[in-house]
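Presented below is the structure to which this report refers.
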Number of protein chains: 2
Amino acid sequence: MEERDLRNVGLKVTSPRLKVLKILEESDVRHLTAEAVYRALLDAGEELGLATVYRVLTQFESAGLVARHNFEGGTAVFELADRTHHDHMVCMETGTVIEFCDERIEQLQHDIAEKYGYIIEDHSLVLYVRPKQDT
Amino acid sequence: MEERDLRNVGLKVTSPRLKVLKILEESDVRHLTAEAVYRALLDAGEELGLATVYRVLTQFESAGLVARHNFEGGTAVFELADRTHHDHMVCMETGTVIEFCDERIEQLQHDIAEKYGYIIEDHSLVLYVRPKQDT
DNA sequence: ATGTATGCAAAACATTTGCACCTGG
DNA sequence: CCAGGTGCAAATGTTTTGCATACAT
């Protein structure tokens, strides 16, 4: 139940917010652009502005309900932050996004930052890949 | 000598291209935005359009002379591709960019992609950090 | 000469914002 | 009721493009 989620992060439970959450939860594609969320809503017969989609997604991000990723291509994608941390692998042929998590890499990143006298605040690891048995 | 570099990648040796290369080589900051390159040129008394800077940088990228990175913030930065592969650490307080390379991480990335049946074409690893002894 | 490059201004995008109106608590 | 949310259109910031002119080879 999401109404509680919204209240917990100090956001009013409004129709646009519930609708956007619903799209993110029910989409079979996990990583969506703002435009994609917007179109999904229009297709579902819902009325709301693109600006609102952006505002809602940005608020959700600040609230930790959603994660924003800037993969190559200039358009951000959003995904529900309902899983533990993970990184991404993007297939350059199909656009498929695969999530993975490797504790050893996480540890190494931490060690490297520390070696330089820093603490990791955030990080982004994306592998752009191609199927192995390719022409 | 860069004229050769340009010819080698099939680009005519023109004044704007040489100027942009020069800025990238002589700048004390390694990672520059297109805008920064443009301003550096104007400051140096050189005349050329921002559009040309973008075109030249994009051509250099295709030619492998320059690498483009999309750190957080919506503005791409460019750096001379005169070093071996490395990843980046961006200090969120000072904007400092530190380069690092860890063979173990590289290997793990390769192994992970392989496990899923992919070959890595490219990858991006950026650590957003903060100084350790911070308030 | 002639195929490329460049400059400028305009277009194209993704995203944000101002403001009048609406709505949830 | 009233702070906060929304829609729309306009603004923003970055990057790309069309086209006439200029240049490298």
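Of all the heavy atoms in Glu25(A) and Leu80(A), the pair that sits closest is CG-CD2, 3.4 Å. Of all heavy-atom pairs spanning Thr33(B) and Phe78(B), the tightest one is C-CD1, 4.4 Å.
Looking at the side chain of Thr75(B), the nearest of the listed nucleotides dT16(D), dT6(C), dT15(D) is dT15(D). Of the candidates dA3(D), dT17(D), dT14(D), dA3(D) carries the atom nearest the Lys12(A) side chain, counting heavy atoms from C-beta on. Ranking dG7(C), dT16(C), dT15(C) by closeness to the Thr52(B) side chain, first place goes to dG7(C).
Of the residues Leu42(B), Leu24(B), Val77(B), the one that meets the side chain to side chain contact (heavy atoms under 4.5 Å, CB included) test with Val37(B) is Leu24(B).
Whole-Å rounding puts the Phe71(A) CZ to dA14(C) P distance at 17 Å. Between the P atom of dG13(D) and the OH atom of Tyr38(B) lies a distance of 16 Å, rounded to the nearest Å. A straight line from CG of Leu57(B) to C1' of dT14(D) spans 13 Å, rounded to a whole angstrom. The separation between Arg17(A) atom CZ and dG5(D) atom C1' is 6 Å, rounded to whole Å. Here dT14(D) presents its C1' atom at 11 Å from CG of Asn70(B), a figure rounded to the nearest Å. In this structure, Glu46(B) places its CD atom 15 Å from C1' of dT6(C), rounding to the nearest Å. Atoms CG (Leu50(A)) and P (dA11(D)) sit 18 Å apart, rounded to a whole Å. Rounded to an integer number of Å, the gap from Phe78(A) CZ to dA14(C) C1' is 10 Å.
Annotation: Arg104(B), atom CZ; neighbour count of heavy atoms from other residues, nucleotides and ligands within 6.0 Å does not exceed 12.
A sub-4.0 Å separation between OP1 or OP2 of dT15(D) and a side-chain N or O of Tyr54(B) is present. For the OP1/OP2 pair of dT23(C) and a distance below 4.0 Å, the side-chain nitrogens and oxygens of Thr14(A) include no atom meeting the criterion. The side chain of Ser15(B) places no N or O atom within less than 4.0 Å of a non-bridging phosphate oxygen (OP1 or OP2) of dC23(D).
If you check every strand for non-hydrogen atoms under 4.0 Å, Arg55(B) touches a base. Ala76(B) comes within contact range of the sugar-phosphate backbone alone, with a heavy-atom separation under 4.0 Å but no base atom that close. Note on Glu47(A): only backbone sugar-phosphate atoms sit closer than 4.0 angstrom, heavy atoms only; bases stay farther off.
Ranked by how close their nearest DNA chain D nucleotide is to the 5' end, Thr33(B) and Arg7(B) are led by Thr33(B).
Between Arg17(A) and Asp5(A) there is no salt bridge, since no side-chain nitrogen of the basic residue lies less than 4.0 Å from a carboxylate oxygen of the acidic one.
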